[in-house]
Amino acid sequence: MNKRYQPQAFEQDIYNLWEKNKVFTAIKDKKKQPFCIVMPPPNANAPLHIGHAMFLTVEDILARFQRMKGLSVLLLPGADHAGILTQVVFEKKLAKEGKTRFDLGRKKFFKECLCFTLKNKEIMYDQFKKLGTSCDWTREKFTLDKDVSKQVLLTFIKLYKEGLAYRGTRLINWCPRCMTALSDLEVEYKEIKSKLWYIKYPLKDKAQITGQQRFLVVATTRPETMMGDTAVAVNPEDTRYQKFIGQTIKLPIVKREIPVIADNYVDPEFGTGVVKVTPAHDSDDWKVGEKHQLKVISVIDFNNRMNKNAGSYIGLKANDARAKIIEYLNRKNLLIKERAYLHSVGHCERCKTIIEPMVSRQWFISTTKKINIKTKDLKNLLKTDKAALKEFGSLPVKNKLVKILPKRFKKNYLDWMNNLHDWCVSRQLWWGHRLPIWYCGSNGLSSLQKQMNPKLAQKKQGCGHTMVTINKPKKCDKCGKKTTIIQDPDTFDTWFSSGQWAHNALGYPNGSDYKYWYPTSVMETGYEILPIWVAKMIMLSLFQTKMPPFHTVYLHGLVRDAFGEKMSKSKGNVVDPLKVISQHGADALRMALIVGASPGNDVSVGDDKIKGYRNFANKVWNIGRFIFLNLEKTNKKIPLYHPTLKGLKKEDKSIIGGLEKIISKITEHLENYKFSLAGELIYQFLWHEFADKYLEASKKRLEEKDPVVLAVLTHVYLTSLKLLHPFMPFVTETIWQQFPQAKGLLASSFWPKK
RNA sequence: GGGUUCGUAGCUCAGUUGGUUAGAGCGUUCGCUUGACAUGCGAGAGGUCACAGGUUCGAGUCCUGUCGAGCCCACCA
């Protein structure tokens, strides 16, 4: 044994040893209790970052602990194709070569994207192993696997048949760079310095007495959308403007006549108290428009250019049109003033481009339409016989069938579910699961789809009928034509497929793994992903399997730098887990991520902390070395420790007592997901109780060749290795392998009982 | 605007249902080239637990308010 523990020299071999012995290969043993974690599939488009290391460590601790306790444990590894994000990453790569996705064409783009993703997936899996994650690699799953994909489509078809999937023309979030619709959750709001422009909107009728033109003044941040205005709104209580309600405005530039309406969504305090209403490009205005049955006139196209409704501004980029319009209004004395204004603007979560709200025909999942629950068990579970998808999501949490840890996120979750809107699931992307929707002729396509897919739009005219089936229909159900069938060009929102991951990854509906391990045990993930993902899993899994997908949601916090600052590339404070592993070992990184982190709270990790646990690994190693050398030195037979062993001294009983105490405490902490407290306890015990005190005191007795002290040292040490193993699997297994008293693999040994 | 978390040693954080003298790691001071380990050992300094009230025999912990920081959500034209 070397003087120092060198993780680099052992970690790879130890992982190979585990794999060779199939320690992580889960066996469906009916006598055992199943325990399953379906890993949240990381996006296979970039190397591992510290956040991955965090969740892998927590899941691995859980898995190793339960495995040692004798449960039949499956930690299922997987990867996500990550629709929009991978497409963005890959398009950036193409852009460096001066290409766009349209240069490659859909087929080639998909093929190359797949190649890129599969390659990344393998790199990523190798990194999981470097961290020591005890996954069952024989069951690895990818979201684009054939069987998984098929189930994704079948879920949609079932939703459609239940009347929960529908096509509708709505205001959606449009990313002009990704050229796709986004769900509300894929939009992030950022404060932007902008201006508020005060613009005169002339009334149609002149003043009765003077015969002069009269005006209302609106305040807006988006003058370029004014050609799409279909009303001007004031608050009905606002005495300044009551007399104008019902009058007509003659819109500048396009000279269209629009009404002055009253709606109490208008805040009289803001701006002038007069609002232009543009249902086609603003979500509030859309709602007002629906309420007052206003016309919807869009002026900006999918490529962010002004369209034919924008009069002479046609073809201009929206931003350029804004400048020209302001210039025009100024010239015509219609611009009263402008002032600096800070407001929050939606950005594409993935590529950071400003979102344009746009009216478009898309596919949605209804979260509010109630359906009859036919299954008895599910009726009992939810205690209702009618529920909408949002209740599928909220009731299991309300009824404590799914526990969220830490508890405070439960309120968050339920509030969020309560305000759930219908979910836009169609994306105008190429990378993902293509919608199982077929139209008879190109007249089934939306105008947006026609513009974006000119070739498809030229296909034969049919009756426009819509069919939702997994395979291409041989003929149209309605008109019987055979040559007109075309598939919807859109793909699903990634979260639609990952929302079914818990059951699909296990082989729903007939797989034997599914039957044995579903419902799974714990969903371990970051709190930021609770609404966008966890909620969807509960909804969709319950809808499909009639069971909640897991009984516990454990949420870990964010990993921050040594000063508690958020890590970011621009700040340069990013900790690269792979670099840390190669420098200080995976065990040190794992401990640094776990100790000091309470559930749901962020954790600070810096170099000093990691080094501290590297030192600890070395300490553990050297305690082992000390005992090992003393065992070698002696020629006496060392008895096995047993409570009735003769010659036990007071200090022996005391350290054994201490050991028993921490066994029960650590077990309790791990069962309650208090990883930090458990980790800290074993650290304190091994170093400061066992090594500093008992081991120091044992030196005298070792000189006197007392075999009992060696028996106790060995016993306490090896038992402690078991307790430490879920946290620091490599160093513990490495030493275990060197001890003649230790049998088999530590990773497959049993958790100590007190 | 609503919700939520946090404020404890120089720094980063624990402190589980209220219960002795408030803990850890790192840093720091002093002393140790100790045959397991200097990635180490021994000894020490360092806290009005943000502030002000309240409940209680007893409050870092519970309640109210104030100040400060962060995060999430929302229809900031």
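So you know, we letter chains A, B, ... as the sequences are listed, proteins then strands, and number each from 1. All values reported here derive from a predicted model rather than from experimental measurement.
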Indicate whether any N or O donor in one side chain lies under 3.5 Å from an N or O acceptor in the other, for A:E186 and A:S183.
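Per modelled atom types, A:E186 and A:S183 side chains form a pair under 3.5 Å.
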
Watson-Crick or G-U wobble mate for B:C6, both contacts under 3.5 Å:
B:G68

For B:G1, give the paired nucleotide (Watson-Crick: N1-N3 plus N6-O4 or O6-N4; G-U: N1-O2 and O6-N3; both under 3.5 Å), or none.
B:C73

Is it true that A:R222 and A:E356 make a salt bridge, defined as a side-chain N closer than 4.0 Å to a carboxylate O?
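Salt bridge flag = yes for A:E356 with A:R222.
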
Please confirm whether the shortest side-chain N or O distance from [X] to OP1 or OP2 of [N] is below 4.0 Å.
X	N	result
A:K619	B:C41	yes
A:N601	B:A14	yes
A:H343	B:A77	yes

Verify, without hydrogens or angle tests, whether A:D493 (side chain) and A:W495 (backbone) share a donor-acceptor contact under 3.5 angstrom.
yes

I'd like the [atom1] distance from [M] over to [N], given in whole Å.
N	M	atom1	result
B:A22	B:A59	P	14 Å
B:A69	B:U12	C1'	16 Å
B:G35	B:G40	C1'	13 Å
B:C26	B:U39	C1'	14 Å
B:G46	B:G54	P	31 Å

Rounded distance (Å) that lies between atom P of B:U12 and atom CG of A:D607:
17 Å

When all nucleic acid strands are considered with a 4.0 Å heavy-atom cut-off, which category describes [X]: base, sugar-phosphate, or nothing?
X	answer
A:K611	nothing
A:T278	nothing
A:H421	nothing

Between A:G596 and A:F626, which is nearer to the 5' end of RNA chain B once each is assigned its nearest nucleotide?
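Mapping each residue to its closest nucleotide by heavy atoms, the 5'-most match is A:G596.
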
